[in-house]
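Since this is a predicted model, take the numbers as computed values, not measurements. No hydrogens, no waters, no symmetry mates; every other heavy atom, side chains included, goes into these values.
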Amino acid sequence: GTFTALRDANEERSKILLENAGNATSGTDERRVGDFYASCMNERAVNAAGVKALDPMLDRITAIRTRENVIQALRAWELDGQFGAWRLSSQADPDDARRQIAGLSSVDLSLPDRDYYVNNDARSQEIRKEFLQHVAKMMELAGDSKTASATAAQSILDFETNLSKARLSRTERRDPNKTQNKSNLAGIKTLAPGYDWDGVFKDLGIPAGITVNVSEPELINAFQAQLTSAPVETWKTWMRWRVINDRAAFLSQPFVDERF
């Protein structure tokens, strides 16, 4: 269609501009853009690096020793919506579209919705089996032994299953009466008192007195339960998986091939 043609044409124009930028004067912003593009397109270097690009994030996870360390890492990752446990963003007030409030929702888990974790029909069980194999393979590519990778995969599935049980079903998530739950910072603290909400609001520059719509309050309760009961090593395994899974498309070819 027309829009596809426009997209393809724009991508080709962008490619030409980026390639030409590599010939610009050294030290200029244009040359920096060109060099950055060239580094991204250097598949030989990317394949040779393997998982090395993730070392700073993975090393931070490895260094975690206590629950407080877990909370500190999760707080730091709130600035990157892909990794944090929650997504805090601006949204229109459901009762007054002229007004902006904060919205608190969970980031996506590995599987599309709760049914994939809790349904016991044959297809759902097969999907979970395939998911375990996929996670184990990704962890093995990242350097874990085959045995450790299989153990990590099961730990990740169990952890996400515990969280998913508190999630709304796909039908409930389409019901505005289920997902409109106005609260504030003090209210959120009562749902998950173990988390550093004050620090998160400060980091993101969110006023402490703002109204917050909480899409799934029960999920925050489940998150609090995991903060207090799940072993620190389980948190570390899950966090490591999230980093590897999210960045797989930018790693070496085996990661790209395994990613789905």
Side-chain angles (χ1 to χ4, degrees), residues 50-51 53-55 57-67 69-78 80-87 105-120 123-167 192 194-195 216 218-251 254-260:
V51 76
L54 303 184
D55 281 353
M57 288 182 284
L58 297 179
D59 287 347
R60 174 167 187 172
I61 296 170
T62 300
I64 290 174
R65 294 289 182 268
T66 66
R67 292 189 187 280
N69 293 155
V70 171
I71 293 169
Q72 290 168 352
L74 290 173
R75 172 183 166 182
W77 281 355
E78 292 287 355
D80 188 329
Q82 298 301 315
F83 299 135
W86 301 100
R87 185 175 291 115
S105 59
S106 69
V107 295
D108 295 330
L109 297 178
S110 303
L111 298 176
D113 62 49
R114 71 184 298 275
D115 289 352
Y116 286 82
Y117 293 94
V118 302
N119 284 0
N120 284 317
R123 181 54 184 151
S124 295
Q125 293 183 46
E126 182 63 24
I127 288 173
R128 290 195 291 272
K129 179 181 177 182
E130 293 172 352
F131 174 70
L132 286 171
Q133 295 170 348
H134 165 65
V135 175
K137 180 61 176 179
M138 292 281 271
M139 302 301 269
E140 192 174 346
L141 288 172
D144 290 359
S145 69
K146 187 176 290 291
T147 299
S149 296
T151 300
Q154 188 63 60
S155 176
I156 290 162
L157 178 59
D158 292 344
F159 182 86
E160 293 197 348
T161 298
N162 285 332
L163 287 176
S164 70
K165 289 176 181 178
R167 300 198 75 173
Y195 195 48
E216 297 184 70
E218 290 187 9
L219 188 53
I220 300 185
N221 288 144
F223 171 70
Q224 169 64 25
Q226 293 290 75
L227 271 181
T228 58
S229 64
V232 170
E233 288 302 315
T234 297
W235 275 100
K236 291 171 65 175
T237 299
W238 182 68
M239 294 165 76
R240 190 164 178 263
W241 158 245
R242 287 179 69 77
V243 171
I244 295 168
N245 184 46
D246 184 75
R247 295 294 191 258
F250 310 106
L251 300 176
F255 284 96
V256 175
D257 292 340
E258 179 59 30
R259 177 177 178 269
F260 76 93

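- The two residues Ala222 and Ala166 have their closest heavy-atom pair at CB-CB, 3.6 Å.
- Nearest heavy-atom pair, Arg87 versus Ser106, reported as atom, atom and distance to 0.1 Å: NH1-O, 3.7 Å.
- Residues Ser149 and Ala136 share a closest heavy-atom pair of CB-O, 3.2 Å.
- Put simply, the side chain of Trp235 reaches to within 4.5 Å of the side chain of Phe159, judged on heavy atoms.
- For the pair Gln226 and Leu163, the minimum side-chain heavy-atom distance is below 4.5 Å.
- One distance of note links CZ of Arg114 with NZ of Lys165; it measures 9.5 Å at 0.5 Å rounding.
- Taking every heavy atom of both residues into account, Ser164 and Thr161 meet most closely at OG-O, 2.9 Å.
- The side-chain heavy atoms of Asp158 and Thr234, taken from C-beta on, include no pair separated by under 4.5 Å.
- A pairwise comparison of heavy atoms in Ser229 and Ala225 identifies OG-O, 2.6 Å as the closest pair.
- Not less than 6.0 angstrom separates the ring centroid of Trp238 from the ring centroid of Trp241.
- For the atom pair CG (Leu251) and CE (Met138), the distance works out to 7.5 Å, reported to the nearest 0.5 Å.
- In this structure the side chain of Ser124 never reaches within 4.5 angstrom of the side chain of Asp115, judged on heavy atoms.
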Inset, instruction - Could you go through the side chain to side chain contact (heavy atoms under 4.5 Å, CB included) check for Val51 and Leu141 one step at a time? - result: CA-CA 8 Å; Val51 76; Leu141 288 172; over 6 Å; no

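- Across all non-hydrogen atoms, the minimal contact from Ile244 to Ala142 is CD1-CB, 3.6 Å.
- Here the side chains of Ile220 and Trp86 are in contact, with some heavy-atom distance below 4.5 Å.
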Legend entry - side chain to side chain contact (heavy atoms under 4.5 Å, CB included) assessment of Arg167 paired with Asp113: CA-CA 8 Å; Arg167 300 198 75 173; Asp113 62 49; over 6 Å; no

Legend entry - Audit row: Lys129, Gln133, side chain to side chain contact (heavy atoms under 4.5 Å, CB included) steps and yes/no: CA-CA 6 Å; Lys129 179 181 177 182; Gln133 295 170 348; 3.8 Å; yes

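- With rounding to the nearest 0.5 Å, the separation of CG in Leu74 from CG in Asn69 is 11.0 Å.
- Side-chain atoms of Tyr117 come within 3.5 Å of backbone N or O of Leu111 as a donor-acceptor pair.
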Inset, instruction - Could you check Thr228 against Gln224 for side chain to side chain contact (heavy atoms under 4.5 Å, CB included), going step by step and ending with a plain yes or no? - result: CA-CA 6 Å; Thr228 58; Gln224 169 64 25; 3.3 Å; yes

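- Counting heavy atoms from C-beta outward, Arg60 and Met57 have side chains that stay 4.5 Å or more apart.
- Not a single donor-acceptor pair under 3.5 Å links the side chain of His134 to the backbone N or O of Arg259.
- Separation of atoms CG (Leu109) and CZ (Arg242) is listed at 7.0 Å; rounding is to 0.5 Å.
- A distance-only check finds a donor-acceptor pair linking the side chain of Arg67 to the backbone of Leu227 [under 3.5 Å].
- To the nearest 0.5 Å, atoms CG (Asn120) and CZ (Arg128) are separated by 5.5 Å.
- Not one N or O on the side chain of Ser155 forms a donor-acceptor pair closer than 3.5 Å with the backbone of Thr151.
- Atom CZ of Arg65 and atom NZ of Lys236 lie 5.0 Å apart (nearest 0.5 Å).
- With a 6.0 Å radius and a threshold of 12 heavy atoms from other residues, nucleotides or ligands, Gln154 has its CD atom above the threshold.
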